[in-house]
**Q** 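Quick one: the structure is below, questions incoming.
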Number of protein chains: 2
Amino acid sequence: MTQNPANQSTDKEPVEQTKPEVSTNKRGLERRKKLLEVAEKHFFSFGYAGTSVNEIVKEAGGSLNTLYRYFGNKLGLFEAVFKLKTDELFTPFAHMDFWQDDIETNLFRFGECLQRVTSTPDGIAIYRLVVTENNFEQSEIQRIFYQLGPQTGIRILGDYLQRMKDKGKLDLEDPYLAASQFIEMIKGPFLYPRLFGETIEEQQLHQALKQAIHIFLNGCLQK
Amino acid sequence: MTQNPANQSTDKEPVEQTKPEVSTNKRGLERRKKLLEVAEKHFFSFGYAGTSVNEIVKEAGGSLNTLYRYFGNKLGLFEAVFKLKTDELFTPFAHMDFWQDDIETNLFRFGECLQRVTSTPDGIAIYRLVVTENNFEQSEIQRIFYQLGPQTGIRILGDYLQRMKDKGKLDLEDPYLAASQFIEMIKGPFLYPRLFGETIEEQQLHQALKQAIHIFLNGCLQK
DNA sequence: AAATAAATGTAGTGACAATTACACTTTTAT
DNA sequence: ATAAAAGTGTAATTGTCACTACATTTATTT
């Protein structure tokens, strides 16, 4: 696919030369951090195929040798950046408690938070990367993103809807599907525009959320 | 970004060497068709960056020279394939008449048709291509796809919802936003699974459609 | 402070792939 | 049938990159 002349590794043994080392102290840690920073900038701006490892090193200082010792290869560097940013983006969301008031308020709070996460420049950049790169060969990247992002959102909201259903407050056949559908109502309409470079106004997000809640609640509230 | 050694064209004159020629008769047309066929296969399987022009010619027969005369360059070939397949996929959908019965039946018919279009292997492949390739630089590809696909769907359903609103049958603030939200409810939940290689069962599609209609109609039907 | 380990900088290497050149053959139109 | 146009096959050109090698400098540890 892409050029990868280093894969002469005749797959016999577990291949230890690719083991990314971890620098323990001081200078090494700074270099590592700087490399990650610059790499992030490049990957976010130009995509995986579009960034050159040489460029990163040229900009970050340090040496190719160091980069390869730390991250093994280009994909290793990418994965490191990706995991870091994905955690940064989704972890706070996953630990938030949305369910303290009435259903409408709760949906509103959840929706606003989700919209905020997916609207952030980093959120958009990560999404583009996940969808855009390494996509014709199955990679771990996708799994990580999917589990930490979309799947977590569906689980959190789905659990809540399930409870409301059990209490007889909502009339829903499949609460987890419903969760996914609600989520799509509030972020789906902006997917293409975002991918295609348009910027979304705060007010549009708000309107989508308002209308989604109106339709959704009206649609499944037990009377 | 990608390698493109041919762009030595000092931009002075309108550059006529890149003008893709159109073969008028017989053998040329067949070659062209064969090239497009093989190119489609490769682009659909390996993505833009992942396919090699040389490979295409090797498999399709004919000569590099011919390919370049017809399509100008790799991107030209890609665009040709892309337009062809996008038209093929969306044009029938755009000319269908969904609105002959009651609202629920109409939504059902529309939804089923839309799900069919987006579930087809070509539909998925095209979507992947649009999202996956040529995405860090704005390209015409995206515009074509967006207009012919998503935007058309929203317009068709949105027009209908608007009419229903005007007749006082539906209670909706923004019918076009609502259209987009309905569409997302029935295809959004399958986006990631599809991108990540899962196959979707007929029955899942059906359930999503059923529940979406239930929530949506219940949610905005004028009582 | 000496020995050991890590980091640097520069300069390769090897592959791959888009595009062009060219000499030659086949088709098509006059 | 014959000249012009289009098509073919092969090989060369040119760039770009990931990745490696190595000789040298800097930091860390005992």
Side-chain angles (χ1 to χ4, degrees), chain A residues 1-9 15-35 38-39 42-43 46-79 133-134, chain B residues 1-9 15-35 38-39 42-43 46-79 133-134:
Chain A
M1 213 113 301
T2 335
Q3 50 212 134
N4 193 4
N7 275 2
Q8 317 129 325
S9 52
V15 190
E16 51 208 301
Q17 81 251 33
T18 316
K19 167 187 64 187
E21 291 171 33
V22 193
S23 161
T24 47
N25 345 11
K26 264 199 168 172
R27 189 172 53 154
L29 285 175
E30 276 172 34
R31 267 272 147 272
R32 198 187 139 89
K33 202 175 130 210
K34 183 72 179 168
L35 281 169
V38 176
H42 281 235
F43 284 134
F46 310 119
Y48 182 79
T51 66
S52 147
V53 180
N54 294 298
E55 280 301 319
I56 291 176
V57 170
K58 205 180 288 173
E59 192 176 324
S63 107
L64 261 180
N65 211 322
T66 312
L67 188 152
Y68 275 87
R69 194 146 25 72
Y70 283 168
F71 301 105
N73 55 23
K74 188 185 181 182
L75 188 61
L77 176 60
F78 180 75
E79 288 184 349
E133 309 289 336
N134 294 94
Chain B
M1 214 108 305
T2 335
Q3 48 213 133
N4 193 4
N7 274 2
Q8 318 129 323
S9 52
V15 191
E16 50 208 300
Q17 83 251 32
T18 315
K19 166 187 63 185
E21 291 172 32
V22 193
S23 161
T24 46
N25 344 11
K26 261 197 175 177
R27 188 172 54 155
L29 285 175
E30 273 172 37
R31 268 272 149 273
R32 198 186 140 91
K33 202 175 131 209
K34 183 73 180 167
L35 281 169
V38 177
H42 281 235
F43 284 134
F46 311 118
Y48 182 78
T51 68
S52 147
V53 179
N54 293 299
E55 280 301 318
I56 291 176
V57 169
K58 205 180 289 173
E59 192 176 322
S63 109
L64 264 177
N65 210 322
T66 312
L67 188 152
Y68 276 86
R69 194 145 24 73
Y70 282 168
F71 302 105
N73 55 21
K74 190 185 180 182
L75 188 60
L77 175 60
F78 180 74
E79 288 184 350
E133 310 289 338
N134 293 96

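To find a chain, count down the sequence lines: A is the first, B the second, and so on, and within it residues start at 1.
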**Q** For A/Arg69 and D/dC22, what is the distance between atoms CZ and P respectively, to the nearest whole Å?
**A** 16 Å
**Q** Atom NE2 of A/His42 and atom P of D/dC17: how far apart are they, to the nearest Å?
**A** 12 Å
**Q** Report yes if a side-chain nitrogen or oxygen of A/Tyr70 is closer than 4.0 Å to either non-bridging phosphate oxygen (OP1 or OP2) of C/dA6; otherwise report no.
**A**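 No, because none of the side-chain N or O atoms of A/Tyr70 sits under 4.0 Å from OP1 or OP2 of C/dA6.
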**Q** What is the distance from CG of B/Leu29 to C1' of C/dT28, rounded to the nearest Å?
**A** 14 Å
**Q** Under 4.5 Å between any side-chain heavy atoms of A/Phe71 and A/Arg32, yes or no?
**A**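 Yes - at least one pair of side-chain heavy atoms lies under 4.5 Å apart.
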**Q** Does a side-chain N or O from B/Arg31 land closer than 4.0 Å to OP1 or OP2 of D/dT8, or not?
**A**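 Checking B/Arg31 against D/dT8: at least one side-chain N or O falls below 4.0 Å of OP1 or OP2.
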**Q** For the pair made of CG in A/Leu67 and P in C/dG9, what is the distance, rounded to whole Å?
**A** 13 Å
**Q** Which ones in residues 52-65 of chain B lie close to DNA chain C, meaning a heavy atom under 4.0 Å from one of its atoms?
**A**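 Residues of residues 52-65 of chain B under 4.0 Å from DNA chain C: B/Ser52, B/Val53, B/Asn54, B/Leu64, B/Asn65.
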**Q** How far does the helix from C/dA1-D/dT30 to C/dT30-D/dA1 bend, going by the axes of its first and last five pairs, to the nearest 10°?
**A**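 Both end axes considered, the difference amounts to 20°.
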**Q** Specify the separation, in whole Å, of atom CZ of B/Phe71 and atom P of C/dT19.
**A** 14 Å
**Q** Does some side-chain heavy atom of B/Thr51 sit less than 4.5 Å from a side-chain heavy atom of B/Phe78?
**A**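 In short, these two side chains do not touch, never coming nearer than 4.5 Å.
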**Q** Check salt bridge (Lys or Arg N to Asp or Glu O under 4.0 Å) between A/Lys58 and all other residues, then give those that pass, not counting sequence neighbours.
**A**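 With sequence neighbours excluded, A/Lys58 shows a salt bridge (Lys or Arg N to Asp or Glu O under 4.0 Å) to A/Glu55, given in chain and number order.
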**Q** Shortest non-hydrogen contact from B/Arg31 to B/Tyr70?
**A** CB-CE1, 4.5 Å
**Q** Which nucleotide sits closest to the side chain of B/Lys74: C/dA7, C/dA18, D/dA6?
**A** C/dA18
